[in-house]
2 protein chains.
Amino acid sequence: MELEKITESKSSRRRYNDACGAAHALDIVGERWALLVIRELMFGPKRFSDIRASLPGISANVLTQRLEGLETFGVLTRKRLPPPASAWAYELTPWGYQAEPIFQVFGRWGASSPLHDPTLPLSAASILLSFRTMIDANRAEGFSARIGFTIGQEDFVATVADGEISIVREEVRDVAAHFIGRAEALAAAAYGAVPLETLEQDGALRVEGDRALARGFLTLFVLPDKAG
Amino acid sequence: MELEKITESKSSRRRYNDACGAAHALDIVGERWALLVIRELMFGPKRFSDIRASLPGISANVLTQRLEGLETFGVLTRKRLPPPASAWAYELTPWGYQAEPIFQVFGRWGASSPLHDPTLPLSAASILLSFRTMIDANRAEGFSARIGFTIGQEDFVATVADGEISIVREEVRDVAAHFIGRAEALAAAAYGAVPLETLEQDGALRVEGDRALARGFLTLFVLPDKAG
DNA sequence: CGGCATCCGGGAAGATACTG
DNA sequence: CAGTATCTTCCCGGATGCCG
């Protein structure tokens with residue numbers, strides 16, 4: 001008898017009912033984990049387990065709910081992978097990819113928090129998105145190179161030219177330098193001023209190819225000043 | 001004996017434990033209503049009840065919790081108002097004000113959602129922030145004026161010059177045109193192409209001063225294209 | 001094994017009533 | 001007016017289990 005009321009409450013009581021575009025964005029991605037799921041898809045489609053592996057802490061049922069919600073809102077789509085994988089892959093829609101500026105401004109603002117701890121665990125997508133966000137155009141002006149990354153099982157290639165950087169997820173080939181290791185080590189090298197040698201001795205990071213170039217690449221990025 | 005574990009779970013289980021700056025931002029403003037509370041403070045300090053009045057749907061205890069949380073994270077501060085008000089006011093810290101780009105990109109992205117409904121209720125802060133976000137530099141190039149707004153009990157003045165707009169909350173004086181009415185009506189006029197006459201007949205909006213200028217002002221803003 | 005559905009405990013959000 | 005107290009509802013997170 002109260003069925004209509006129950007349905008209504010589930011679908012709309014939890015919304016902000018606010019014409020502000022930002023409030024509507026929060027209706028879509030304001031639930032826990034939603035934005036981080038999108039972040040993990042920013043470099044291309046992934047499978048359920050891959051997303052889960054890069055988001056330690058999310059539980060399977062919550063990931064299922066978020067993927068469902070984001071699909072109904074048109075942020076991502078579900079696709080069958082070609083055999084023999086025959087599993088599902090989740091891919092952002094064009095509009096979903098347009099969420100990248102959200103990570104830029106959120107990342108900048110969050111990184112300038114006095115309580116931000118850059119030594120916590122980090123996913124591959126996070127560190128590579130941060131490169132897009134934090135590159136200093138001045139420092140990158142004279143820099144031009146293709147740099148490869150192997151982080152876990154994922155390969156990425158960054159192309160720096162004319163003060164800009166583009167990063168795609170693809171097999172590492174024909175690169176001038178190649179970083180192999182954990183995302184946290186890459187972050188320590190780029191933002192923490194930890195010497196490459198230290199990281200290599202720890203076995204956290206390995207560099208192949210032009211070491212001087214790799215070193216130069218790591219100097220292109222600057223974190224925002226801490227506030228407060 | 002499990003006390004330590006319980007304490008630990010309370011403080012950190014709800015965090016993302018992710019070095020990504022965006023994830024840390026979500027630790028701070030990812031809870032429900034938090035970003036909208038910040039939005040309501042973007043034009044200056046407000047009192048508890050003023051915030052609550054502009055966020056229909058938030059309950060008093062949740063607002064209390066958000067204000068406490070945002071204060072401990074350094075996003076806002078609590079101040080005593082000078083007598084005779086002698087009440088508390090909440091004001092963003094400089095770092096809190098730096099969150100404005102979040103509303104810009106969130107607003108743009110949310111407004112390009114196919115499901116965005118611009119006819120829902122709207123706060124004064126929302127519509128004025130949207131003016132900052134959605135102004136089209138080309139259209140505003142030749143436009144120069146001071147425009148006043150009275151929305152509910154709040155007064156704002158927008159100054160447009162050189163394709164840019166600045167908006168502050170202050171008493172409306174020495175303006176070329178003055179909008180008086182509800183935020184929703186202003187949105188309908190600027191984004192919904194609803195004629196001023198219609199809104200005035202409904203009593204939703206009133207315009208004083210230079211009507212041609214007011215009309216021109218309303219043409220400076222464009223919503224992003226809908227995706228999908 | 002990957003992708004879910006189901007059940008349960010704890011805790012956050014929401015509504016209402018109440019206090020200084 | 002500015003919150004607090006309380007109660008209910010619902011979401012999050014973990015575990016288990018089903019099914020291809």
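Numbers restart at 1 for each chain; the letters A, B, ... are given by sequence-line order, proteins then strands.
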Handout entry: A:E154: salt bridge (charged side-chain N to carboxylate O under 4.0 Å, His left out) partners, not counting sequence neighbours
Key = A:K46, A:R169
Problem - B:R108 to B:F103 six-membered ring, cation-pi geometry met (6.0 Å, 45°) - result: no
Handout entry: Rounded distance in Å - CZ (B:R80) to C1' (D:dG3)
Key = 13 Å
Practice task
Scan residues 18-28 of chain A for pairs that pass side-chain hydrogen bond (donor to acceptor under 3.5 Å, both in side chains), counting only residues two or more places apart or in two chains.
Solution key: A:D18-B:R39
Handout entry: Rounded distance in Å - CZ (B:R14) to P (D:dC12)
Key = 7 Å
Handout entry: Spacing of B:E31 atom CD relative to D:dC10 atom P, expressed in whole Å
Key = 20 Å
Problem - Salt-bridge criterion met for B:E31 and A:R32 (N-O under 4.0 Å) - result: no
Practice task
Kindly confirm or rule out a cation-pi arrangement of A:R47 over A:W88, judged by NZ or CZ under 6.0 Å from the six-membered ring centre and within 45° of its axis?
Solution key: no
Exercise for the section: Report the residues that fulfil side chain to side chain donor-acceptor pair (under 3.5 Å) with A:W95, sequence neighbours left out, ordered by chain and then residue number. Expected result: B:S112
Practice task
Tell me yes or no: between the side chains of B:E40 and B:S123, is some donor less than 3.5 Å from an acceptor?
Solution key: yes
Practice task
Measure the distance from CZ on B:R66 to C1' on C:dA13 and round it to the nearest whole Å.
Solution key: 8 Å
Practice task
Sugar-phosphate atoms are those with a prime plus P, OP1 and OP2; base atoms are the rest. Using that split, label each nucleotide of nucleotides 1-8 of chain C B, S or - for protein heavy atoms under 4.0 Å, 5' to 3'.
Solution key: -SSSSBB-
Fill in the blank from the handout: In whole angstroms, the gap separating P of C:dA15 from CG of B:L55 amounts to 13 Å
Practice task
Stems involving DNA chain C: give each as a range paired with a range, ordered by first number, where a stem means at least three consecutive Watson-Crick or G-U wobble pairs under 3.5 Å.
Solution key: C:3-20 with D:1-18
Handout entry: Basic-acidic side-chain contact under 4.0 Å: B:R66, B:E68
Key = no
Completion exercise
Sorted by chain and number, sequence neighbours left out, side chain to side chain contact (heavy atoms under 4.5 Å, CB included) with B:T150 holds for B:D155, B:V172, B:H178, B:I180
Handout entry: Distance, rounded to the nearest Å, where B:R32 contributes CZ and C:dG14 contributes C1'
Key = 9 Å
Exercise for the section: Rounded off to whole Å, could you give me the CG-to-P distance for the A:L63 and D:dC12 pair? Expected result: 13 Å
Handout entry: Integer-rounded Å distance: D:dC10 P and A:R15 CZ
Key = 16 Å
Handout entry: Nucleotide nearest A:Q65 (side chain, heavy atoms from C-beta), chosen from D:dC12, C:dG14, D:dG13
Key = D:dC12
